[in-house]
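Side-chain atoms are counted along with the backbone in the values below, which use heavy atoms only and exclude waters and symmetry mates.
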Amino acid sequence: MLHLGKQLVVRAPKLRLSAGAVSGSGQSSSLDQNSNNYSPNRVGPNLNQCHKRLSSTSQSSTAGTMKRLTGKVAVVTASTDGIGFAIAKRLAEDGAAVVISSRKQKNVDSALAELRKLNLNVHGLKCHVSEPEDRKQLFAETISKFGKLNILVSNAATNPAVGGVLECDEKVWDKIFDVNVKSSYLLAKEALPLLRQQKNSSIVFVSSIAGYDAFELLGAYSVSKTALIGLTKAAAKDLAPEGIRVNCLAPGVIRTKFSKALYENESANEAALSKIPMGRLGTSEEMAGVVSFLVSEDAGYITGESIVAGGGMTARL
Ligand SMILES: NC(=O)c1ccc[n+]([C@@H]2O[C@H](COP(=O)([O-])OP(=O)(O)OC[C@H]3O[C@@H](n4cnc5c(N)ncnc54)[C@H](O)[C@@H]3O)[C@@H](O)[C@H]2O)c1
């Protein structure tokens, strides 16, 4: 399966999809329960203390989960829609100040309005990730608005054409690699001096399940996503001694406007679902939850990892 940009392709036996044309031929305590005599007052002081400790641990971890990113500042690219928007929203809900961006100012404005209605602490600007001046401005405004940077999420991606990897036109290849890979590397490189100034900084690259097993009609895109998994590992090793963690999210098939051709077409939808053991598409919010975990201190000992969130699809690889 796969999505991308204006086009979407599901890899299933004899199935081909694109946004424009779809065709395919188918393929309480256990003591409570176990003893009628149980009562906290009758089990002695040690167990009572244990109960108190457990209950205070669970309260504090709940509170920590609710606002686990308080005090952090995050930049999320391509974050006015889809998975990027959900990531920005979730990081802000978890307490971070978040800088959103997109290639179009009007998309930035409407996303900011939506997030601010929720009382979230956000700033936004136009950023085409391949433009050096835009990237420079992204970090400059992050510092002028929020004073620091702790988290970079590189989410922008493109796929201008479908086809097998060796059928890919050189210009298309360059465009895919420029946006998906080179911009991710440059964003990380340019964010690094800022991330180095903070404790517990981290980077998340958004790859794809296609990075593990190329979608046949999205060859170059898939290879670009494989490169991000490699970039994650290489950068993680370099930065681990400094305490900067680098991880990767590899979504499966996620219900965004780019996967519309799937869920709006019955046979395409069925073919896609047959490839997903959980029997449904993922949601942007589920992807955001993984990123929120990866950039939080709950993931403090995790670096160089790519987390597949694909409804069990990798179990079939
Ligand atoms: N939706 C899925 O099924 C799925 C599956 C696997 C991976 N992903 C990845 O998740 C991320 C988000 O995907 P999505 O489904 O929300 O939609 P998407 O894949 O289209 O998101 C990519 C976003 O990047 C933006 N973008 C493209 N070129 C840009 C540039 N030069 N500068 C700035 N922004 C640019 C696009 O406008 C778009 O909003 C992407 O990296 C995508 O490859 C998505």
Side-chain angles (χ1 to χ4, degrees), residues 2-5 69 72-94 96 98-104 107-108 111-112 115 122-131 134-135 138-139 142 149-159 175-191 195 202-211 221-222 224-229 231-232 235 245-259 282-295 306-310:
L2 185 45
H3 85 103
L4 245 264
L69 302 180
K72 305 274 190 195
V73 176
V75 161
V76 185
T77 64
S79 42
T80 59
D81 200 4
I83 293 171
F85 179 79
I87 293 171
K89 179 168 174 272
R90 176 62 189 267
L91 300 191
E93 285 169 345
D94 286 347
V98 180
V99 178
I100 65 165
S101 64
S102 161
R103 282 174 296 179
K104 293 189 181 149
N107 293 344
V108 174
L112 280 177
L115 295 169
V122 289
H123 178 69
L125 69 159
K126 186 183 88 58
C127 178
H128 186 306
V129 295
S130 302
E131 295 294 335
D134 283 11
R135 293 194 307 270
L138 180 66
F139 296 124
T142 302
L149 178 69
N150 307 88
I151 296 163
L152 169 68
V153 181
S154 179
N155 171 69
T158 193
N159 182 62
K175 170 89 179 162
I176 290 173
F177 275 75
D178 188 45
V179 174
N180 300 6
V181 184
K182 188 175 174 192
S183 297
S184 292
Y185 138 76
L186 286 172
L187 281 160
K189 188 178 168 73
E190 290 158 9
L195 296 174
S202 75
I203 298 171
V204 172
F205 296 114
V206 180
S207 173
S208 168
I209 200 166
Y221 167 85
S222 299
S224 77
K225 293 298 188 176
T226 308
L228 288 179
I229 296 166
L231 176 62
T232 299
R245 297 180 301 105
V246 185
N247 289 296
C248 181
L249 166 70
V253 188
I254 311 306
R255 196 181 171 94
T256 68
K257 71 179 174 193
F258 296 97
S259 53
T283 67
S284 294
E285 289 71 27
E286 287 169 327
M287 301 306 103
V290 177
V291 174
S292 174
F293 165 68
L294 285 174
V295 302
S306 295
I307 308 291
V308 177

- Task: Test N247 against S202 for side-chain contact (heavy atoms from CB on, under 4.5 Å), laying out the working first.
- Result: CA-CA 8 Å; N247 289 296; S202 75; 5.8 Å; no
Might you point out which heavy atoms bring [X] and [Y] nearest each other, and give the distance in Å?
X    : Y    : result
I151 : L91  : CG2-CD1, 4.4 Å
N107 : S102 : CB-OG, 3.8 Å
I254 : A309 : CD1-O, 4.2 Å
V122 : A92  : CG1-CB, 4.4 Å
I229 : C248 : CG1-SG, 4.3 Å
V179 : S130 : CG2-OG, 3.6 Å

- Task: Count the heavy atoms belonging to other residues, nucleotides or ligands that lie under 6.0 Å from CZ of F177, then report whether that count exceeds 12.
- Result: yes
- Message: I'd like to know whether NZ of K89 has more than 12 heavy-atom contacts from other residues, nucleotides or ligands below 6.0 angstrom.
- Response: no
- Message: Which residue is it: T80, V98, I100? I am looking for the one with a side chain to side chain contact (heavy atoms under 4.5 Å, CB included) to L115.
- Response: I100
Could you grab the distance from atom [atom1] of [X] to atom [atom2] of [Y], nearest 0.5 Å is fine?
X    : Y    : atom1 : atom2 : answer
I203 : N150 : CD1   : CG    : 12.0 Å
L149 : F139 : CG    : CZ    : 6.5 Å
E285 : I87  : CD    : CD1   : 10.5 Å
K126 : K104 : NZ    : NZ    : 11.5 Å
R245 : L294 : CZ    : CG    : 7.0 Å
L228 : T226 : CG    : OG1   : 8.5 Å

Give a yes or no answer on whether the side chain of [X] reaches the backbone of [Y] with a donor-acceptor pair at less than 3.5 Å.
X    : Y    : answer
K225 : V206 : yes
S292 : A288 : no
T77  : A156 : yes
D134 : V129 : no
S101 : L125 : no
N155 : A78  : yes

- Message: One pair to check against side-chain contact (heavy atoms from CB on, under 4.5 Å): R90 and V291. What are the steps and the verdict?
- Response: CA-CA 9 Å; R90 176 62 189 267; V291 174; over 6 Å; no
- Message: Could you go through L138 and L187, starting from their C-alpha distance and side-chain angles, then the distance that decides it, and tell me whether this counts as side-chain contact (heavy atoms from CB on, under 4.5 Å)?
- Response: CA-CA 10 Å; L138 180 66; L187 281 160; 4.0 Å; yes
- Message: Is there a side-chain contact between T256 and S284 in this structure, where contact means two heavy atoms from C-beta onward sitting under 4.5 Å apart?
- Response: yes
- Query: Given the rule in the side-chain contact (heavy atoms from CB on, under 4.5 Å) test, do R135 and L186 qualify, once you have shown the distances and angles that lead to the verdict?
  - Reply: CA-CA 9 Å; R135 293 194 307 270; L186 286 172; 3.4 Å; yes
- Query: Quick one: do the S224 and N180 side chains pair a donor with an acceptor below 3.5 Å?
  - Reply: yes
